[in-house]
Amino acid sequence: MAGEAPVAATKARTAVDEVAPTGEFKRTDAGFRNSVEKGGRFEPEAGRYHLYVSLACPWACRCLTTLYLKGLDHAIGVSVTHPTWQRTRPEDDKDEHTGWAFRAPTDPPLSSSTGHGSFGCEGCVPDEINGAKFVRDLYDMAHDTTGKYSVPVLWDKKEKTIVNNESSEIIRMFNSSFNDIAMHPELDLYPEALRAVIDEVNTWVYPSINNGVYRCGFATSQPAYDKAFQELFAALDRCEEVLSKQRYIAGNELTEADVRLFQTLIRFDEVYVVYFKTNKFFLRERPNISGYVRDLFSNPAFARSVNMNHIKTHYFTSHPKLNYYAIVPNGGEPWWTQPSDRAERFGAAKH
């Protein structure tokens with residue numbers, strides 16, 4: 001194990017580094033793509049798996065929301081990183097990689113990697129499974145060769161390895177593979193009757209909205225930014241129109257498409273408008289999108305996965321290229337906590 005770590009370290013990178021020569025942000029695919037399934041290598045067993053997340057990361061929080069919706073938090077443990085990226089190999093002067101670090105809630109505050117600010121550890125949950133200090137340690141344990149140490153991580157305690165780190169696949173596993181031990185097996189976020197609609201929604205929501213905000217924020221050329229900006233707001237306009245006619249993005253039933261879309265929308269006004277230069281309008285100004293966000297936030301499973309302090313702290317303190325002094329904007333009132341009339345307008349959700 002120790003002999004393999006330096007190999008991974010030479011390839012270490014973050015999302016900020018994934019930029020093409022044209023200035024376009026190009027996200028790397030996840031490297032661990034195994035499935036939890038009956039009769040397979042990874043059987044769906046209570047107590048066998050552990051989920052590593054950051055409450056700042058929209059991809060990780062998709063998984064957390066699904067875990068809560070299905071009632072799996074009694075069977076799958078969760079560890080939560082500190083929101084501010086840290087040097088993951090501080091003892092190696094040549095390794096400048098920064099990434100997710102584990103801390104206990106009572107630990108002293110951390111500064112940014114550039115030494116600015118003081119950011120507390122409230123809401124953190126340390127890794128009591130492997131004793132990892134950084135998410136990078138988990139990837140080293142799993143003999144990673146990609147060099148991108150992202151969350152979420154679905155960990156198998158039995159084989160001591162990463163099962164999967166692709167959020168879209170983890171949420172589908174949580175939705176169906178663990179129904180024998182889920183508290184809410186009746187809830188299906190990918191129902192057969194709506195799969196074609198859900199898949200179609202995902203084809204434009206992911207590139208233009210979920211990834212679109214990053215394509216704006218991490219672009220290093222004006223043409224790349226302009227293209228991403230136009231596609232993002234065209235897709236948001238499409239959301240506003242769709243949501244004027246139905247309660248959820250794929251119909252009148254809560255689905256995985258809502259879980260995926262919500263985590264980007266909840267971050268938009270507080271982070272992306274400022275940090276990623278997505279400043280055509282605030283989502284709170286759009287009646288149907290803002291009502292949709294408030295409607296979903298009223299669901300405890302969604303609300304439990306939102307920690308705006310972690311969200312804002314991470315984005316504004318973790319990327320020195322974008323915000324060297326780690327100044328965190330104050331923001332406005334939490335409009336997403338206000339009541340919504342969408343249930344009355346469109347009827348109760350079908351579950």
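Index from 1, following the sequence.
With values rounded to the nearest 0.5 angstrom, Ser176 atom OG is found 7.5 Å from Asp188 atom CG. Rounding to the nearest 0.5 angstrom, the gap separating the OH atom in Tyr52 from the CG atom in Asp127 is 3.5 Å. For the atom pair CD of Glu166 and CZ of Arg33, the computed distance is 5.0 Å after rounding to the nearest 0.5 Å. The CE atom of Met173 sits 3.5 Å away from the CG atom of Asn164 when rounded to the nearest 0.5 Å. Going from atom CG of Asn211 over to atom CD of Glu231 covers 10.5 Å, rounded to the nearest 0.5 Å. Atoms CG and OG1, on Asn175 and Thr66 in that order, are 7.5 Å from each other to the nearest 0.5 Å.
If you chain together hydrophobic residues whose side chains sit under 4.5 Å apart, Val306 and Tyr68 never meet in one group. Ile76 and Trp59 are not part of a single hydrophobic cluster, where members link through side-chain heavy atoms under 4.5 Å apart. Cluster annotation: Trp336 and Tyr248 are assigned to the same hydrophobic cluster (Ile/Leu/Val/Met/Phe/Trp/Tyr, side-chain heavy-atom contacts under 4.5 Å, transitive). Residues Leu283 and Tyr206 fall within the same hydrophobic cluster, defined by Ile, Leu, Val, Met, Phe, Trp and Tyr side chains chained together at heavy-atom separations under 4.5 Å. Cluster annotation: Phe229 and Val205 are assigned to the same hydrophobic cluster (Ile/Leu/Val/Met/Phe/Trp/Tyr, side-chain heavy-atom contacts under 4.5 Å, transitive).
Summarising the local packing, CD of Glu200 is surrounded by more than 12 heavy atoms from other residues, nucleotides or ligands at distances under 6.0 Å. Within 6.0 Å of the CD atom in Glu333, the count of heavy atoms belonging to other residues, nucleotides or ligands does not exceed 12. Atom NZ of Lys158 is surrounded by 12 or fewer heavy atoms from other residues, nucleotides or ligands within 6.0 Å. Within 6.0 Å of CD on Glu128 lie no more than 12 heavy atoms contributed by other residues, nucleotides or ligands.
Phe268 has its side chain out of reach of Ile289: every pair of non-hydrogen atoms, C-beta onward, lies at least 4.5 Å apart. Side-chain contact between Trp155 and Lys160 is present, with at least one heavy-atom pair separated by less than 4.5 Å. Within the 4.5 Å cutoff, the side chain of Phe297 has no heavy atoms near those of the Pro334 side chain. Residues Ile181 and Pro44 form no side-chain contact, since every pair of their non-hydrogen atoms from C-beta on lies 4.5 Å or further apart. Side-chain contact check for Thr65 versus Phe262: every heavy-atom pair is 4.5 Å or farther apart. Side-chain contact between Arg89 and Arg136 is present, with heavy atoms from C-beta onward closer than 4.5 Å. A 4.5 Å side-chain heavy-atom check between Pro287 and Glu240 finds at least one atom pair inside the cut-off. Using a 4.5 Å cut-off on side-chain heavy atoms (C-beta onward), Tyr139 and Ser150 make contact.
The closest donor-acceptor contact from the side chain of Ser54 to the backbone of Pro83 lies at 3.5 Å or more, if one exists at all. Without hydrogens or angle criteria, Arg267 side chain to Gln263 main chain gives a donor-acceptor distance under 3.5 Å. Of the possible donor and acceptor atoms, one in the side chain of Asp144 sits under 3.5 Å from a partner among the backbone N and O of Gly147. Between the side chain of Glu256 and the main chain of Leu189, no donor-acceptor pair closer than 3.5 Å is present. At distances below 3.5 Å, at least one donor-acceptor pair connects side-chain atoms of Ser177 with backbone N or O atoms of Val36. Using modelled atom types, one side-chain atom of His310 and one backbone atom of Glu122 make a donor-acceptor pair closer than 3.5 Å. Looking only at distances, a side-chain donor or acceptor of Arg195 sits under 3.5 Å from a matching main-chain atom of Tyr190. Looking only at distances, a side-chain donor or acceptor of Arg87 sits under 3.5 Å from a matching main-chain atom of Asp95. Here the side chain of Gln86 pairs a donor or acceptor atom with the backbone of Ser111 at under 3.5 angstrom. Judged by distance alone, the side chain of Asp137 and the main-chain N or O of Ala132 form no donor-acceptor pair under 3.5 Å.
Checking each of Val271, Leu265, Val273, Thr264 against Val213 for a side-chain contact (heavy atoms from CB on, under 4.5 Å) leaves exactly one that passes, namely Thr264. Checked options Val78, Val53, Ile171; the residue passing with Leu67 is Val78 (criterion: side-chain contact (heavy atoms from CB on, under 4.5 Å)).
Side-chain contacts under 4.5 Å among hydrophobic residues (ILVMFWY), followed directly or transitively, place Tyr325 together with Tyr324, Ile327.
Taking the charged nitrogens against the carboxylate oxygens, Asp140 and Lys133 have no contact shorter than 4.0 Å, which rules out a salt bridge.
Applying the side chain to side chain donor-acceptor pair (under 3.5 Å) test to every pair with at least one member in residues 273-282, sequence neighbours left out, gives these pairs: Tyr275-His319. Applying the salt bridge (Lys or Arg N to Asp or Glu O under 4.0 Å) test to every pair with at least one member in residues 52-74, sequence neighbours left out, gives these pairs: Asp73-Arg304.
Taking the ring centre of Phe282 as origin, the terminal cationic atom of Arg284 falls inside the region bounded by 6.0 Å and 45° from the ring axis.
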Residue pair Leu69, Val259: steps toward the side-chain contact (heavy atoms from CB on, under 4.5 Å) verdict: CA-CA 10 Å; Leu69 283 168; Val259 175; 4.0 Å; yes

CA sep, side-chain torsions, deciding dist, call: Val293, Trp335, side-chain contact (heavy atoms from CB on, under 4.5 Å): CA-CA 9 Å; Val293 172; Trp335 57 267; 3.9 Å; yes

Stepwise side-chain contact (heavy atoms from CB on, under 4.5 Å) check, Gln246 with Asn252: CA-CA 6 Å; Gln246 58 195 43; Asn252 196 41; 5.8 Å; no

Test log, rule side-chain contact (heavy atoms from CB on, under 4.5 Å), inputs Trp85 and Thr317: CA-CA 8 Å; Trp85 280 353; Thr317 68; over 6 Å; no

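Contact detail for Leu138 and Ile162: the closest heavy-atom pair is O-CD1, 4.1 Å. When every heavy atom of Cys61 is checked against every heavy atom of Ser305, the shortest pair comes out as SG-O, 3.5 Å. Taking each heavy atom of Glu43 and Gly39 in turn, the nearest pair found is OE2-N, 2.9 Å. For Leu55 against Gly123, the heavy-atom pair with the smallest separation is CD1-O, 4.2 Å. Pairing each heavy atom of Asp107 with each of Cys121, the nearest pair is O-SG, 3.6 Å. When all heavy atoms are compared, the tightest approach of Leu254 to Asn299 is CD2-ND2, 4.2 Å.
Counting only N and O atoms by type, the side chains of Glu96 and Ser113 include no donor and acceptor under 3.5 Å apart. Defined by atom type and a distance below 3.5 Å, a donor-acceptor pair is present between the side-chain atoms of Ser318 and His314.
Taking the six-membered ring wherever Trp is involved, the centroid distance between the rings of Phe276 and Phe218 falls below 6.0 Å. Taking the six-membered ring where the residue is Trp, the centroids of Tyr315 and Tyr272 are separated by under 6.0 Å. In this structure, the ring of Phe281 has its center less than 6.0 angstrom from the ring center of Phe233. For Phe134 and Tyr149, the gap between ring centers reaches or exceeds 6.0 Å.
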